[in-house]
Visitor: 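Take a look at this one; I'll ask things after.
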Amino acid sequence: MTPNDAQALAKKIRQLQAQMVAYSTGGRTQDLPDEYRELFAEVTVALENARYANPNPHKSLELFYAHCGLVGLDKWAQRRAYVDTLYADVLLDLKRAEMSFEPSKQWSKANESLQDELAPVRFQWLKAKNFTFGSTPDFENAVKESVSSIESALRILTRRPKGTFGDLLKDAQLDKDVERLVSQAYGYASNRDGVRHGGTLPSTLTKAEAEFFLNFAAASITYLAAKAKRNFQSANQLE
């Protein structure tokens, strides 16, 4: 994505957010619902082309307003905060693209792998990256989201949404050495204070660990997607 493309997409997202805020805080117009639906479709396609998942589940302003009532967003300030949060991670990453921040080749490969059924994992991946490189980094959550993105990919690829991590690894039929590496990464995250579970000691995690697990997750996801594709092709040949 070029800096100009990133800037143009960010502008459309902010327009969409402005429409949501206007509709939910007394600024409705007759044409606003139709304008929103059209812009929502444009933003969704642009995000998909840029290898992002659309974090906004509200395809219409009516559905968005109903959601506000359902979850108790009764005040205008609460609705504005919710809208800001929806696209915060995407806008932060688009800002990096505007500034010509070049992702590593490994990240690009992982992003290419996160298509079709694996597309939902992109948002976890993006959160991990933002926790690592954001202006207020959170290395504990960066490691957590990185490892969780591997777990989510396994759940999708093995068709076991509620399986334990150990069972998921066995079902994935990985090379034993690779299985051991992924299992050890999960164990590391589980055993560190403040990562997958609450901790009582100050964290000693640094950007180095956070970036390591981000890259490890990228390599793991790329491998898992390729492995699943080969298994699928082999199964078809046997039929």
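Sequence positions, counted from 1, serve as the residue numbers for this chain.
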Visitor: Looking at every non-hydrogen atom in both residues, tell me the closest pair between Ala210 and Phe139 and how far apart they are.
Guide: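 For Ala210 and Phe139, the tightest heavy-atom pair comes out as CB-CD2, 3.7 Å.
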Visitor: Does the side chain of Arg96 come within less than 4.5 Å of Asn130's, by heavy atoms?
Guide: yes
Visitor: CZ of Arg80 to OG1 of Thr25: how many Å apart, nearest 0.5 Å?
Guide: 5.0 Å
Visitor: A side-chain contact here means heavy atoms from C-beta on lying under 4.5 Å apart; do Phe133 and Leu214 qualify?
Guide: yes
Visitor: With side chains defined as the heavy atoms from C-beta onward, is the minimum distance between Leu73 and Phe64 less than 4.5 Å?
Guide: no
Visitor: With respect to Gln124, which candidate in Ser146, Ser152, Ser149 satisfies the side-chain hydrogen bond (donor to acceptor under 3.5 Å, both in side chains) definition?
Guide: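 Single pass found, and it is Ser152.
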Visitor: Please list, one pair per line, the donor and acceptor atoms closer than 3.5 Å that link side chains of residues 12-20 to other protein atoms, with sequence neighbours excluded.
Guide:
from	atom 1	to	atom 2	distance (Å)
Lys12	NZ	Glu42	OE1	3.4
Gln17	NE2	Val83	O	3.0

Visitor: Just wondering, do Phe131 and Leu126 contact through their side chains at under 4.5 Å, heavy atoms?
Guide: no
Visitor: Set out, in order, the CA-CA distance, both residues' side-chain angles and the distance that settles side chain to side chain contact (heavy atoms under 4.5 Å, CB included) for Thr29 and Tyr23, then state yes or no.
Guide: CA-CA 8 Å; Thr29 64; Tyr23 190 85; over 6 Å; no
Visitor: Going from CG on Leu47 to CG on Leu9, what distance comes out if it is rounded to the nearest 0.5 angstrom?
Guide: 5.0 Å
Visitor: Is any side-chain heavy atom of Pro33 closer than 4.5 Å to a side-chain heavy atom of Glu62?
Guide: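 Heavy-atom side-chain distance check passes, below 4.5 Å.
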Visitor: Can you check side-chain hydrogen bond (donor to acceptor under 3.5 Å, both in side chains) on Ser148 and Glu145, steps first, answer last?
Guide: CA-CA 5 Å; Ser148 292; Glu145 292 296 341; 5.1 Å; no
Visitor: With a 4.5 Å heavy-atom cut-off, do Tyr223 and Leu174 have their side chains touching?
Guide: yes
Visitor: Going from CG on Leu61 to SG on Cys68, what distance comes out if it is rounded to the nearest 0.5 angstrom?
Guide: 10.0 Å
Visitor: Roughly how far apart are Arg155 CZ and Asp171 CG, rounded to 0.5 Å?
Guide: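 Between atom CZ of Arg155 and atom CG of Asp171 there are 11.5 Å.
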Visitor: Let me confirm one number: the CG-CG distance from Asp167 to Leu154, rounded to the nearest 0.5 Å.
Guide: 11.5 Å
Visitor: Minimum heavy-atom separation for Ala185 to Val147, with atom names?
Guide: O-CG2, 4.1 Å
Visitor: Start with the C-alpha distance between Arg122 and Asn54, add both sets of side-chain angles, then the distance that settles side-chain hydrogen bond (donor to acceptor under 3.5 Å, both in side chains), and finish with yes or no.
Guide: CA-CA 10 Å; Arg122 284 182 186 158; Asn54 190 344; over 6 Å; no
Visitor: Picking from Ile156, Thr158, Thr164, what satisfies side chain to side chain contact (heavy atoms under 4.5 Å, CB included) with Arg160?
Guide: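 Between Arg160 and the candidates, side chain to side chain contact (heavy atoms under 4.5 Å, CB included) is satisfied uniquely by Thr158.
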Visitor: Report yes if some heavy atom in the side chain of Val182 is under 4.5 Å from a heavy atom in the side chain of Phe165; otherwise report no.
Guide: yes
Visitor: Nearest 0.5 Å please: distance from the NZ atom of Lys127 over to the CG atom of Asp93.
Guide: 12.5 Å
Visitor: What are the two closest non-hydrogen atoms of Arg37 and Lys59, and how far apart are they?
Guide: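 Looks like CG-O, 3.6 Å.
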Visitor: For the residue pair Phe213 and Phe216, categorise the inter-ring angle as parallel (less than 30°), tilted (30 to 60°) or perpendicular (more than 60°).
Guide: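 Perpendicular: the ring planes of Phe213 and Phe216 meet at over 60°.
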Visitor: Assess the pair Tyr65 and His58: is the distance between their ring centroids shorter than 6.0 Å?
Guide: no
Visitor: What's the verdict on side-chain hydrogen bond (donor to acceptor under 3.5 Å, both in side chains) for Thr132 and Glu211, showing C-alpha distance, side-chain angles and the deciding distance?
Guide: CA-CA 7 Å; Thr132 302; Glu211 194 165 356; over 6 Å; no
Visitor: Any side-chain heavy atom of Pro57 sitting closer than 4.5 Å to one from Leu86?
Guide: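 In short, these two side chains touch, coming nearer than 4.5 Å.
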Visitor: For a quick test of reading the model, state the closest non-hydrogen atom pair linking Leu32 to Gly27 and the distance between them.
Guide: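 Shortest heavy-atom separation between Leu32 and Gly27 comes out as CD2-O, 4.2 Å.
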Visitor: Could you tell me which non-hydrogen atom of Leu169 sits nearest to which non-hydrogen atom of Ser183, and how far apart they are?
Guide: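 Heavy atoms of Leu169 and Ser183 come nearest at CD1-CB, 3.7 Å.
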Visitor: Shortest non-hydrogen contact from Gly72 to Gln78?
Guide: O-OE1, 3.7 Å
